[in-house]
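Structure record follows, encoded as structure tokens.
Model, not experiment: these values are computed from the prediction. Just so we're on the same page: letters track the sequence lines, and every chain starts at 1.
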Amino acid sequence: MTKQQKQPPLILVDGSSYLFRAFHAMPALSASDGQPTGAIRGVISMMRRLIKDFPESPIGVIFDAKGPTFRNTIYSEYKAHRPPMPDELREQVEPIHAIIKAMGLPMFVIEGVEADDVIGTLARQATETGIDTIISTGDKDMAQLVNQHITLVNTMKDGDAFMDVEGVKTKFGIPPELIIDFLALMGDKVDNIPGVPGVGEKTALALLQGLGSLESVYERLEEVPALGFRGSKTMPKKLEEHKAQALLSKQLATIKTDVALEMGPADIKLVEPDKTALLDWFKKLEFKGWIEELLSAGETVDDVEQALDVTYETILTQQQLDNWTKQLAQAALFAFDTETTSLDYMKAEIVGVSFAIETGKAAYVPLAHNYVGAPEQLDRDQVLAQLQPLLESVDQKKVGQNLKYDQSVLARYDIELKGIAFDTMLESYVLDSTATRHDMDSLALKYLGHKTIHFEDIAGKGAKQITFDQVAIEQAAEYAAEDADITLRLHQALEPKLAEHPTLVKVFKEIELPLISVLSKMERNGALINPGLLQKQSVELAKRIDELEKEAFDLAGEEFNLGSAKQLGEILFNKLELPVIKKTPKGQPSTAEPVLQELALDYPLPKLILEYRSLSKLKSTYTDKLPEMINPETGRVHTSYHQAVTATGRLSSSDPNLQNIPIRTAEGRRIRQAFVASPGYKLIAADYSQIELRIMAHLSNDEGLLSAFSQGKDVHRATAAEVFGVPIDEVTDSQRRSAKAINFGLIYGMSAFGLAKQLGVSRKSAQEYIDLYFERYPGVLTYMDDIRHSAAENGYVETLFGRRLHLPEIRSRNQMRKKAAERTAINAPMQGTAADIIKRAMMSVDQWLTESQLDANMIMQVHDELILEVAEAQVDEVVAGLKLRMVAAADLSVPLIVDAGVGDNWDQAH
DNA sequence: GGGCGGTTATA
DNA sequence: GTATAACCGCCCG
């Protein structure tokens, strides 16, 4: 007998079953336009997996149609209690259908019957033509279809749970042909199939295993009591009573295999996917990973759709430059970008500049490419001199990507970039701070579906990376001109989106845009530090660290690396057998600070480790590093403030981070002593007092909190008095400490659990504190509830000035994620409003200092604090003016209080 | 050399 | 319980 080549199995997918399951299993994801995407992602990734698992097989996807089916005709109550499809799922159905079609998977929606019936019919027909079928479903009812040629697979389960005849027997305890009878007896709550009352899974199985089929059960009712299951004595009566219902249920539960279909299994064929359509959908839904996957190496989205229509010019002659200068002068808006030798704005040398005046029309002016065989280029100084009037003109509007960098670099060439009308990084950030990173490559992919040339593509990466002046001009031109072109295109995509939300336009134009230059100046001002002082501290720290290490080795009885949490854990918990208090997410015993703190009460080694850790941190991060960060030209350290990083609107600082310089310990404060004023100058440190709590008072309008602040009370003391029911001047230190923790907890959206941990009390007493607090400050409770609700309703929260933070997870069915989003919803308006306020203050202070020509500069910002360096003679005037402007930066229903200190160093100024 | 976990500095 | 950046060790390629 010649064995015929086995055909690959036909795959039939129960689309509707996966639709619902994906909807409920996935987090509440959404695209930035609000389109929900969780179910789409879930269903489509399931399809992708099937294609991967069965590359040879034709795959058909079947969905339920809208409207009644024949089952409603025979039983009007069928599926009558199903709630209507949630809107968020309904909005995802069309995209799912469209994407499945674009993937090249034949899709069927047949009215009057259910997906199950279509699948049953197709599977039977396939069997008849000698083709085996695999049905992909999450619905156990389908088990009735299983036979020698038909198996089930649950693609959503890990490891793809296959179920053949044996599998059905193992899982249900009965063969496939009895599944219908099983369902008929048991009924189905969800589909509203009645079944026989009093018969559940166990009874139905006992009946069928004992007597065969439903019909046979009814023929042999007198044998039922002998089966001996619970309630078997009264069962015949019940069965008899509900016989009609049982038979109806069987009819309802039976999947039809004889639906009249216009197509058959032969119509399910592999079709080439429609890449363009898929790209469109993935772009719209922001499925970035899948977009990248669709593209073969080196291919861009534009290769698949239409390539960008571009004319990029490389400017090597004076005539070309003159021509472009003229066109730039006439342009209402142009995009501008500099190419340099370094990311460090204080060291970067300009290598070239690029412009775009309209979509696709861009130019690159190479100025300092420096490699063997590089062509002669226009003189950098001359070109910059020619461009200077354009760049310095307020009326000549520019758009760029992170123009703070370009502004700082140009300042090194004594060019003051003005006329900054837009910055695409900030447009994206204001639009949705968390939707994406705000670098140009990410934005181009997200908003234009364009995969840009990455810097690493032309310069390499890691140790082998070359600087931009080493890059061949041909490649550099393509890269640089594209940057300008894409910047312009991004702006054209982002501006209309921003314009839809007038409050966001205000945040962009009145806060973020004017802040660019303020930050650029602060960064370039830099902070003066005394490296000798830090180096001296480093030596002292090294000595103490060395001593601690020796003592630790003695206690441990062996030498080990104190900096290795792994080795330390080994010593503490295995060798010395100290109790494990907490585990890290990866399961090893935690040696984090609070854990060691607790162990230190009973054992000597943890205390040593704590001191070792804190001193090593100070040494490696601050006393060793800061002197290395001093710029040799200016003798100062120049941080970078990032304007588009945090979710809430705060700035962040890096290289070095000047927003986490120690202050809590005496050792740490010595580091602040190394932040000094130049001779003849002083440092002023001015910080907002309790700004976030004041914002909470304002936003919540809580009477008690408002009056506490209005009367100038110590708010933690006032809270303690209320919560502990004592007169305000009898509040103990410990009560005040607790109240302070409660106040902080409120700002963080605390739970009783978290507060308990913080205070070291039981969860129950923490809850009592919280209850008492809300009793005394009911406005705060109302506010917290309101913000949770409005966050859930809108999907975002807002600061006082209209900045938005999107919180897609606020509707997550995963309670952990939902709760986390709720905490963010509570915290973000306070943290974000505080950020808005200090940003407004910085602009006001900057304007004042510039106009008054005072000998004073802002040099640092630490979230609620501004540090200025001021000529000694002007200190009093600047302190007064600074406080005035910081206080006036917002008009709240409670006073804003600013405390300012003056000193020769940062520690003294506090 | 790159990425990640664990830890710790700040508001 | 919120928001960050940066260090070290460790493991991988």
Describe the nucleic acid contact of Ala756(A) in one word from base, sugar-phosphate, nothing, applying a heavy-atom distance below 4.0 Å.
nothing
From CG of Asn657(A) over to P of dA11(B), roughly how many Å is that when rounded to an integer?
11 Å
Quick check for you: among dT2(C), dT10(B), dT8(B), whose closest atom lies nearest to any side-chain atom of Ala592(A)?
dT8(B)
CD of Gln831(A) versus C1' of dA11(B): gap in Å, rounded?
8 Å
Taking NZ from Lys582(A) and P from dT8(B), how many angstroms apart are they, rounded to a whole number?
10 Å
N or O in side chain of Gln567(A) less than 4.0 angstrom from dC10(C) OP1/OP2
yes
Is there a donor-acceptor pair under 3.5 Å between the side chain of Glu798(A) and the backbone N or O of Leu805(A)?
no
Roughly how far, to the nearest 0.5 Å, is the CD atom of Gln659(A) from the CG atom of Leu651(A)?
6.5 Å
Nearest-neighbour nucleotide for the Ala463(A) side chain, dT4(C), dA6(C), dG1(B) considered
dG1(B)
Reported CE-to-CG distance for the pair Met830(A) and Leu800(A), which is rounded to 0.5 angstrom:
12.5 Å
Please determine whether a side-chain nitrogen or oxygen atom of Ser564(A) lies at a distance below 4.0 Å from atom OP1 or OP2 of dC10(C).
yes
For the pair made of NZ in Lys619(A) and P in dT8(B), what is the distance, rounded to whole Å?
18 Å
Once you apply a heavy-atom cut-off of 4.0 Å, does Ser620(A) come out as touching a base, just sugar-phosphate, or nothing?
sugar-phosphate
Tell me whether the OP1 or OP2 atom of dG6(B) has a side-chain N or O from Ser590(A) closer than 4.0 Å.
no
Specify the separation, in whole Å, of atom CG of Leu562(A) and atom C1' of dC7(C).
16 Å
Measuring to OP1 and OP2 of dA11(B), would you say a side-chain N or O of Arg650(A) lies under 4.0 angstrom away?
no
Whole angstroms only, please: what is the CG-P distance between Leu626(A) and dA6(C)?
11 Å
Give a yes/no on whether any side-chain N or O of Thr648(A) is located under 4.0 angstrom from OP1 or OP2 of dA3(C).
no
Is Asn561(A) close enough to dG9(C) that one of its side-chain N or O atoms is under 4.0 Å from OP1 or OP2 there?
yes
NA contact type, Lys617(A), heavy-atom cut-off 4.0 Å: base, sugar-phosphate, or nothing?
base
Please determine if a side-chain N or O atom of Thr824(A) lies less than 4.0 Å away from the OP1 or OP2 oxygen of dT2(C).
no
Roughly, in whole Å, what's the span from CD1 in Ile867(A) to P in dT10(B)?
14 Å
For dC11(C) and Lys566(A) - does any side-chain N or O of the residue sit under 4.0 Å from the phosphate oxygens OP1/OP2?
yes
Main-chain N/O of Ser342(A) paired with Lys347(A) side-chain donor or acceptor, under 3.5 Å:
no
Using a heavy-atom cut-off of under 4.0 Å over every strand shown, decide if Lys757(A) touches base, sugar-phosphate, or nothing.
sugar-phosphate
Separation between CG (Leu568(A)) and CG (Leu596(A)), nearest 0.5 Å, reads 6.5 Å
Heavy atoms from C-beta onward define the side chain here; which of dT8(B), dA6(C), dT2(C) lies closest to that of Arg613(A)?
dT8(B)
Compute the centroid of each ring, for Tyr769(A) and then for Phe724(A), and state whether the two points are separated by less than 6.0 Å.
yes
Which part of the nucleic acid, if any, lies within reach of Gly745(A) when heavy atoms closer than 4.0 Å are counted: base, sugar-phosphate only, or nothing?
base
How far apart are the C-alpha atoms of Arg840(A) and Asp836(A), what are their side-chain angles, what is the distance that settles it, and do they pass the salt bridge (Lys or Arg N to Asp or Glu O under 4.0 Å) test?
CA-CA 6 Å; Arg840(A) 286 164 54 92; Asp836(A) 291 341; over 6 Å; no
Confirm from the modelled atom types if Asn660(A) and dA9(B) form a donor-acceptor pair under 3.5 Å, side chain to base only.
yes
Side chain of Val645(A) only, please: which of dT2(C), dT4(C), dA6(C) is the nearest?
dT4(C)
Taking only the side-chain heavy atoms of Glu593(A) (C-beta and beyond), determine which of dA11(B), dA3(C), dT8(B) contains the nearest atom.
dT8(B)
Check this one for me: any side-chain N or O of Thr591(A) less than 4.0 Å away from OP1 or OP2 of dT7(B)?
yes
What nucleic acid atoms does Glu692(A) come within less than 4.0 Å of, heavy atoms only: base, sugar-phosphate, or nothing?
nothing
Please report, rounded to the nearest Å, how far the C1' atom of dA3(C) is from the NZ atom of Lys839(A).
13 Å
Students often get this wrong, so: under 4.0 angstrom with heavy atoms, is Ile826(A) touching a base, only sugar-phosphate, or nothing?
nothing
With heavy atoms under 4.0 Å as the rule, sort Leu746(A) into base, sugar-phosphate or nothing.
nothing
Check every strand shown and say whether Phe744(A) touches a base, only sugar-phosphate, or nothing at a heavy-atom separation below 4.0 Å.
nothing
What contact category does Ala834(A) fall into here, base, sugar-phosphate, or nothing, at under 4.0 angstrom with non-hydrogen atoms?
nothing
